[in-house]
Amino acid sequence: MKFGGTSVGSAEAVAQAAQLAVRTAAKGHQVVVVTSAMSKVTDALITAARQASTGRWNPALRQDLFDRHKTVADALIGGDTARHTDVLDVLRQRLDRFEKLCYGLSMVHELTPRLLDAISGTGEMLAAPLVAAAIAARGRPSHPVDATDVVVTTDQFGGAEPLMEETRAKAAARLKPAIARGEIPVVTGFIGATRDGVATTLGRGGSDYSASIIGAALDADEVWIWTDVDGVMTANPSEVPEARTLADVSYSEASELAYYGAKVLHYKTILPAFRKRIPVRILNSFNPTHPGTRVTVEGDASARGVKAVTSIRGVMLVAINGTGMQGIPGIVAKAFDAVAEQQANVLMISQASSENNICFVLSAADAPRVLAALRSALEVELMRGHIDEITAEQQVAIVAAIGDRMRGTPGIAATVFGALGKEGINVIAISQGSSERNISFVVTERDAAAAVRAIHRAFQLDTNH
Ligand code: ASP
Ligand code: MG
C-alpha cells in the first residue's frame, strides 16, 4: 500500500491511512506500507536547499517541519508517552541531518543533484516514523524502514532507476522477516541509495514508483496506490463534468493515459508491477469504499473502442516544410538527432506520405532550444532549398483518444473526427500509432476542451457500458 502526500497530509489523514493498513492486515493480508512525504513538504525542502546554496537561510523551516509532524504525533500517539518520545527523537535526528546538509550548502554555495537528493528525501524520512507509530498505536507492530536500505538504484541523482536484482535481495532481507512476524513495515517512498549507499531519489512523484518497485521485489499479490481521487477517469473532470471512474484499465491503457496528461499514474511507475503481472489498484483514502481503478494485463475485456480521452497543453507544434524534401533521405534522422541532443521529449510525430511536411509536438519549454538546434542542424538543407522553412506553432494542445480495443475496430477514427467536425473544430495534425491504442491529434489550445467533450460524448463515455 502506498499513501500519497495528501493521504498522509494531516493527523486525520494519517489516522485513516493507518486504519486502512491495519484493517487490511486484520483480514489476513500481509501489508507493506510505502509512504510519501506529507503534502508540500518536498517542495519546502527543495526551496530550502536552493536558498541555502545562495547563502540565504530560513531558520524557521526546521521548526515549521517539526511542528507539523509533531501535531500529528500529538494527535495520534500522544497518549503513549514512550512511543511519543521515541518518535519525536527520530524527527529531531532527521531534522538535524537536514539542517547540517543545508548548512554545508550555505558554506559551499553549490547545489549538486546529489546533495539535493540527500535533502529532498527528508520528507519521507519524517513521515515514515509517524505512520509506523500510528499503525503501532492501532495494535499492529510496525517500524519505519528507510528505502536507502531496500531500493538499490543507479546514480542518476534526481531521477535514479532501480537495480531490481539487488533490490530484490535487500527487500527479502530487510522486509520479509518483519512481515513474517506479523509487522507492517513502513518504507519511505521516493528515495533509494546506490550500491555504495549514496542517497538518491526516483524523481518527483516517485513514491508510486517506489511502491511498484517494492511490490515487484516482494512478489506482492497487488499494489494499492492510495491517493485523493477515486481512480483513473474517462476524462479530466474539470474539462468534462460527466467524466466517470474506470473500474478496469490495462497496463498499456494506463501508460497511454499517464503519457497523455492524466496525472493519476506516471508511465514509469507501473513498469515493475507490469513486468511481474501484479495488478495495481488506484484507491481514494478519503473515499475508501469506492472500488477505484484496477490496472491489469487484460484490462476490461468487455470494453468498447475508446475508453478515455485526454489532452496535454503547454506544447508546441514544430513543422519542417518543403517540397524539396521528397525522396531525400536523412532529413528526418538529422532532425530527430538534433531533438535528441537537446534531450527534448517528442510527444507526437506526424508525416504525410507526400513527404512535404514533418511535424512533431514538444513541450513548449523545450521548443525554443529545439528550434534553434534544428535550424542549425538543417542549415545546409535550408540553404539548398530542400527545406523551405521550420515553423513553430504555440498555443496548441494534443488531444488523445485511448483504448486497447480500438485495435482492429473499424469506424473509430470516423467517429472521432466526425464529432470534431460537428463542433466545427479544426484539426491541425493527426497521428495514430500502429499499436492502434491511441489516436492523437493537435488542435488550438482554445478548442481542446471542446474537442475532449465532443469525443467523450460521441463514445458515450459517461455511461457505464
Ligand atoms: N514526496 C515526493 C514528491 O513530492 C514523492 C511523492 O510524493 O511521490 O515528489
Ligand atoms: Mg506526492
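We count ligands from 1, going down the list as the structure has it; atoms in each ligand are counted the same way. Any value given below was found using the heavy atoms of this structure, including those in side chains, with hydrogens, waters and symmetry copies removed.
A cation-pi arrangement, defined by a distance under 6.0 Å to the six-membered ring centre and an angle within 45 degrees of its axis, is absent between Arg94 and Phe98.
In this view, Phe360 and Phe336 satisfy the ring pair (Phe, Tyr, Trp, His ring centres under 6.0 Å) rule, not counting sequence neighbours.
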Measure from every N or O atom of ligand 1 to the protein's N or O atoms and keep only the pairs below 3.5 Å, writing each with atom names and distance to 0.1 Å.
unit_1: ligand 1; atom_1: 1 (N); unit_2: Thr42; atom_2: OG1; d: 2.7
unit_1: ligand 1; atom_1: 1 (N); unit_2: Glu124; atom_2: OE2; d: 2.6
unit_1: ligand 1; atom_1: 4 (O); unit_2: Thr42; atom_2: OG1; d: 3.3
unit_1: ligand 1; atom_1: 4 (O); unit_2: Arg204; atom_2: NH2; d: 2.9
unit_1: ligand 1; atom_1: 7 (O); unit_2: Ser36; atom_2: OG; d: 3.4
unit_1: ligand 1; atom_1: 8 (O); unit_2: Gly205; atom_2: O; d: 3.4
unit_1: ligand 1; atom_1: 8 (O); unit_2: Gly206; atom_2: N; d: 3.4
unit_1: ligand 1; atom_1: 8 (O); unit_2: Ser207; atom_2: N; d: 2.9
unit_1: ligand 1; atom_1: 8 (O); unit_2: Ser207; atom_2: OG; d: 3.1
unit_1: ligand 1; atom_1: 9 (O); unit_2: Arg204; atom_2: NE; d: 2.7
unit_1: ligand 1; atom_1: 9 (O); unit_2: Arg204; atom_2: NH2; d: 3.4
unit_1: ligand 1; atom_1: 9 (O); unit_2: Gly205; atom_2: N; d: 2.7

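In the model, His109 has no side-chain atom that pairs as donor or acceptor with a side-chain atom of Thr54 under 3.5 Å.
For the side chain to side chain contact (heavy atoms under 4.5 Å, CB included) criterion with Val33, the lone passing option out of Ile135, Leu20, Val8 is Ile135.
For Asp43 and Arg204, the salt-bridge test passes: some basic side-chain N is under 4.0 Å from an acidic carboxylate O.
Counting heavy atoms of neighbouring residues, nucleotides and ligands inside a 6.0 Å radius, atom CD of Gln394 does not exceed 12 of them.
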